[in-house]
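Atoms within a ligand are numbered from 1 in the order they appear, just like the ligands themselves. Worth saying up front: this structure is predicted, and the values here are computed from it rather than measured.
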Amino acid sequence: MQSKLASIGVDVLKGVGPKIQEKLARLSIFNLEDLLFHLPTRYQDRSRIHPIGSLLHGQTAQICGVIESANILFGKRRSLVCKISDESGSLDIRLFYFSMAQKKQFVAGQYIQCFGQVSHFGRNFGMIHPEMTFLKDNPQPKLEEGLKAIYPTTEGLQQRTLHSIMAQALNYLSRNQVTELLPNSWLEKLKFPPLKDALLTLHHPPLEVSLDALENGEHPLIKRLAFEELVAQHIALQRIKSNTRSHKAISIAPATEIRDRFEKDLPFSLTSAQQRVIHEIANDMKNDYPMMRLVQGDVGSGKTLVAAINMLSIAAQEDLQSALMAPTEILAEQHYKSFKTWFEPHGVTVVLLTSKMPAAEKRQALSTIESGEAKMVIGTHALFQNKVTFKGLALVVIDEQHRFGVEQRKTLLEKGFQANNGQHQPHQLVMTATPIPRTLAQTAFADLDLSIIDELPPGRKPIQTVVISDAKREQVIERVKQACMTDKRQVYWVCTLIDESEELQCQAAEATHQQLSEQLTQLKIGLIHGRMKPAEKQQVMNAFKQGETDLLVATTVIEVGVDVPNASLMIIENPERLGLSQLHQLRGRVGRGDKESHCLLMYHSPLSNNAKQRLNVMRESSDGFVIAEKDLELRGPGEVLGTRQTGVIEYKFADLIRDSELLPEVYACADDLAGHHSEHADALCARWVKVGEQLSRV
Ligand code: ADP
Ligand code: MG
């Protein structure tokens, strides 16, 4: 069964040639149905102008004013600064990327309209790379009707293009039907509006629809679609799970003797949570079908060791091997060092394989992997490239699984199929440091079995967390200086900005880097963000790890799992915009040494009551699971994006935390569909779950 819209390719739309088609394909959009289910993540109100004097830090606003001046500043980074004013105040526009032709467009006395995010710039307010319309002599801004939808997009595909092709698809939809795939009984029971109305309104909401209700997800139209997606994803995950069980794997007996010897040699004893999870994994590996288990454990809970001990059972078997894959080179090297210290005394050969290793070393590693001499292989995704042949891969461990891209996880899965001449699949263990409440985890990971390490090794120093207003920014900067200069410690400064574009996030980090460099001239300051090339990121991260930089300005992409014990202070800007779990994750980058660590949550005032309560949770608790539960209880608009950004839960539209109250009905409806309407279930999965996404859930 296929719905009609799904049978019409996007190429029927005007303006969709091969180039655009290729970009749409990257978003998994191939037909009109895919397109119509590509829903906005945010909306913008461009129906009015904000007086400059009323702007707040962090706000997304539209302004219109007269150009006062435009000058090129030569600081550490060249920038073009243009002063704009209206009757209520003035503001600076700052461009880091500009041409002389662009500079000439800023003519003093002429009018300009800008749309963008407002941020502090030294003592002034400013906008970095806003969208600009030069109005010349005409003081009348161009305003839009209705709320403007902002779509998730991909490199090189403009919102404008998406809007133009979406308008055609909506036009088509208004004249045709979209197939309802949920049973009528459920639609009636939950009092859901018709699908067609939901789609038409969500893509093009009239102004009278509450922007708040849309953005915080309370609107029934949103619930309607979220429900559909949750049902589809749940069915898909259950199918993956039953599919896994039909494959063959090698049954592994725990190597008790060598494990006991190893554990005795450790300078500490395992926590009871570690022991329990080690046992759960060992039990799974006894099966003759592949294990698919997820280990969740807070930062520092000792996940590596839990994996390592089970890898030891594989090493004890002739011709069998295990592999541990880490998301970055630094992390892989860090693991390799630990494994060597742990296991070489016990006669186990551990080998490192990363893409940047010198050719000779790599050849050597490859040959020991092929011969079976390497019993444990630690590496990055280089582990699963074509040149690598395992003698007998029986267990794959993926550390920080959410940091891997879809493509990498897909290759890994395919490689897995080929292990042992296609006869057997390796057991798989995935680890993540993002604690999410158990009820939600059961949904998000319905295809995996779940183990939780809910205990930290004794003697950890909790990170002292302070909630502070950004009115005290100067004091905070002073504190950074003291930490670096007097105490010889290192500091992270994390910039957050919620926007559809990663570009803007990076620009905000660049601006902060610039500003801190001007104010803290004595310090060596690094910058890391998502727009940098992997090699560049690696270099910056390494420099920080080696202590060559004092202060690291970062976006939320900051490397996971990396130990920089000397980093003992972290500043997080605008923490009120992030989910608590994400804040907890970020905060876990400090507190890895023996000195007391501090985290300053520098909010922008005024803070809502809910936000205050939420940040207080961070001050009071250092337990990731407690924090995750509180996040769920005190949910506010911020963490809707927060969970998405942690990358663990990859829903297109639904948000587990926001929509958690739907879950009991989701399970029941999924069972009903899978059991009684399997054709509808297929079509629903095709609508919401793309093949690549299924595969990505290794
Ligand atoms: P994560 O769960 O964040 O990956 P790691 O596995 O990196 O944590 O462990 C963090 C640190 O704690 C490591 O230095 C590890 O050797 C140490 N560790 C692990 N288990 C224990 C334990 N039971 N007691 C004390 N220290 C431990
Ligand atoms: Mg780890």
Chemist: Of the side chain and backbone of Met431, name the one, both, or neither that has a heavy atom under 4.0 Å from an atom of ligand 1.
Modeler: neither
Chemist: Against heavy atoms of Thr304, which atoms of ligand 1 measure under 4.0 Å?
Modeler: 4 (O), 5 (P), 6 (O), 7 (O)
Chemist: Counting each atom of ligand 1 from 1 as listed, which ones have a heavy atom of Val299 under 4.0 Å away?
Modeler: 3 (O)
Chemist: At a 4.0 Å threshold, what atoms of ligand 1 neighbour a non-hydrogen atom of Ser301?
Modeler: 2 (O), 8 (O)
Chemist: In this structure, does ligand 1 have an atom that sits under 4.0 Å from one of the heavy atoms of Gly297?
Modeler: no
Chemist: Is it the side chain, the backbone, both or neither of Leu270 that has a heavy atom closer than 4.0 Å to ligand 1?
Modeler: backbone
Chemist: Looking at Glu344, I want to see if its CD is surrounded by more than 12 non-hydrogen atoms of other residues, nucleotides or ligands under 6.0 Å.
Modeler: yes
Chemist: Could you give the side-chain donor-acceptor pairs of residues 252-260 under 3.5 Å, partners two or more places apart or in another chain?
Modeler:
none

Chemist: For atom 3 (O) of ligand 1, which of the options Gly302, Gly588, Gly300 provides the nearest non-hydrogen atom?
Modeler: Gly300
Chemist: Step by step, would you call Leu266 with Trp342 a side-chain contact (heavy atoms from CB on, under 4.5 Å)?
Modeler: CA-CA 8 Å; Leu266 282 174; Trp342 287 336; 4.0 Å; yes
Chemist: State whether a side-chain donor-acceptor pair under 3.5 Å links His584 with Arg587.
Modeler: yes
Chemist: Does the side chain of Lys545 come under 3.5 Å of the side chain of Asn542 through a donor N or O and an acceptor N or O?
Modeler: no
Chemist: For Lys340, is the NZ atom crowded, meaning more than 12 foreign heavy atoms sit under 6.0 Å from it?
Modeler: no
Chemist: For side-chain contact (heavy atoms from CB on, under 4.5 Å), just list the numbers for Arg489 and Leu569, CA-CA rounded to whole Å, side-chain angles, deciding distance to a tenth of an Å, and then say yes or no.
Modeler: CA-CA 8 Å; Arg489 318 291 297 178; Leu569 174 63; over 6 Å; no
Chemist: Contact between ligand 1 and Ser269 is defined here as a heavy atom of the residue under 4.0 Å from a ligand atom; is it met?
Modeler: yes
Chemist: Need the ligand 1 atom indices (1-based, order shown) with element for anything under 4.0 Å from a heavy-atom of Thr271.
Modeler: 23 (N)
Chemist: Would you please say whether a donor-acceptor pair under 3.5 Å links the side chains of Glu333 and Thr354?
Modeler: no
Chemist: Any idea which part of Asp298 is under 4.0 Å from ligand 1, heavy-atom wise: side chain, backbone, both or neither?
Modeler: backbone
Chemist: Counting both backbone and side chain atoms, is some N or O of Trp342 under 3.5 Å from an N or O of ligand 1?
Modeler: no
